[in-house]
Engineer: 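Quick one: the structure is below, and I'll ask about it shortly.
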Amino acid sequence: MATMVMEKLVCVLINLQQIKEVPRMLTLAAPSMPGTVRDSDVPHYFRERYVCSGYRPLNQGWRYYFLSLFQCHNETINVWTHLLAFFIFLVKLGQLTETVDFIGDHHSWPLLVVILSSLIYSALSATAHLLGGKSELCHYTFFFLDYIGVAQYQYGSALGHFYYVVDENLHRHVQGFFIPFATVLSCLSCLGCCSGKYCNHSLPTCAHKLGQVIPSALAYLWDSSPVTKRLSLWSTDSNDPVMIYHFGQVALFLCCAFFFSFPLQERYFPGRFDFIGQSHQVFHVFLSCCTLCQIHATHLDFVGRRTLYTNLHKSDEAVLFVRLYVVTLVVCTLIAFFILSKVNKRLDLKNKSK
Ligand SMILES: *[C@@H]1O[C@H](CO)[C@@H](O)[C@H](O)[C@H]1NC(C)=O
């Protein structure tokens with residue numbers, strides 16, 4: 001027994017030794033990894049306000065940007081936060097498949113859409129932050145993909161809330177149009193975000209931020225209205241354990257909105273948070289926690305409110321909602337590619353005039 005434990009321990013120690021070797025191995029694998037540069041060394045459209053250093057140089061090979069996952073630069077934490085979130089959601093999905101029959105039980109599909117859409121947004125966001133610094137075209141392409149991710153996640157949330165969280169009274173009022181309207185709002189927020197980024201140069205910062213924030217805020221208000229309604233009816237003696245998670249997801253989302261809109265710490269201490277502490281990183285952390293809370297709450301409702309939601313929704317309704325999810329995804333992608341083609345034309349013109 002003791003020898004076995006010793007052997008295990010030695011193995012673990014050897015593995016730890018190897019982890020310490022990783023940075024050195026990386027430098028060996030990529031001897032020519034260029035260092036980061038200052039904001040004044042990159043074109044102005046790449047500069048992030050109040051972030052002064054840690055910018056990766058442009059126009060390097062793909063390998064450089066992939067390997068920069070292990071380098072310290074202004075996007076490292078943004079990538080890792082959502083990469084970590086992605087793996088946590090994946091583990092959560094794995095755990096749920098042990099108890100939930102995602103194939104046979106149509107009523108579980110909205111739950112699956114919630115988790116899939118969370119996986120997609122976190123993966124696309126991590127990719128955008130990792131690869132978006134390669135060139136201007138990459139910047140737009142990957143951030144537009146990120147916006148598609150956010151839009152389809154909004155739809156996923158709306159679906160989860162409408163399916164499991166809604167009460168009979170609200171359901172009666174919004175029945176025929178809640179989900180189609182969620183599709184419309186998702187597409188609008190994708191449009192707002194993409195065109196906001198496209199007009200980045202021509203409009204002042206607050207104008208393009210508003211174009212991004214207002215449609216998304218509307219979508220959030222609509223998509224979470226079943227949660228808001230349920231929270232408003234919450235009395236402490238109902239003693240429902242899921243309510244704390246619903247409360248948590250709303251509170252965490254409000255924190256997200258705050259840090260997304262107000263980069264307070266870097267405004268007051270420009271340059272101090274170039275690597276770690278930027279408000280966008282705080283936003284990522286809150287958003288991941290919010291999603292985790294939401295997935296947990298959705299699962300608890302999926303288990304606990306079965307009689308209610310199987311009464312409200314026929315089982316073929318879930319099939320329809322999943323189809324509408326695909327429609328949302330496709331339309332958002334078309335919108336993003338339409339605006340990307342305009343970006344492309346503008347870049348061509350710019351290159352020709354050089
Ligand atoms: C980080 O630098 C890249 C260029 O490598 C730039 O595109 C991006 O906007 C910067 N992001 C932040 C958060 O500073």
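Numbering of ligands and ligand atoms starts at 1, following listing order. Just so it is clear, the structure is predicted and the values come from calculations on it, not from any experiment. FYI, the numbering just counts along the sequence from 1.
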Engineer: Is there a side-chain contact between Ser216 and Val150 in this structure, where contact means two heavy atoms from C-beta onward sitting under 4.5 Å apart?
Structural biologist: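 Answer no - side chains too far apart.
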Engineer: Taking the six-membered ring where the residue is Trp, are the ring centres of Phe258 and Phe262 under 6.0 Å apart?
Structural biologist: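 Here the rings of Phe262 and Phe258 have centres that are less than 6.0 Å from each other.
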Engineer: Before accepting this row, confirm whether a basic side-chain N of the pair Asp105/Arg306 lies closer than 4.0 Å to the acidic partner's carboxylate O.
Structural biologist: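 Salt bridge between Asp105 and Arg306, a charged N being under 4.0 Å from a carboxylate O: yes.
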Engineer: Quick check, are the ring centers of His139 and Phe46 under 6.0 angstrom apart?
Structural biologist: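 Between His139 and Phe46, the centre distance is under 6.0 Å.
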Engineer: Taking the six-membered ring of Tyr147 as reference, does the cationic atom of Lys197 (NZ for Lys, CZ for Arg) lie under 6.0 Å from its centre and within 45° of its axis?
Structural biologist: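 The answer is no; the distance or angle limit is not met.
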Engineer: Regarding Gln60 and Tyr65, do their side chains bring together a donor and an acceptor under 3.5 Å, going by distance alone?
Structural biologist: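 Per modelled atom types, Gln60 and Tyr65 side chains form no pair under 3.5 Å.
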Engineer: Hey, which residues fall under 4.0 Å of ligand 1 on heavy atoms?
Structural biologist: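 Under the 4.0 Å cut-off, ligand 1 touches Phe46, Glu48, Val51, Tyr55, Arg56, Asn74, Glu75, His139, Gln278.
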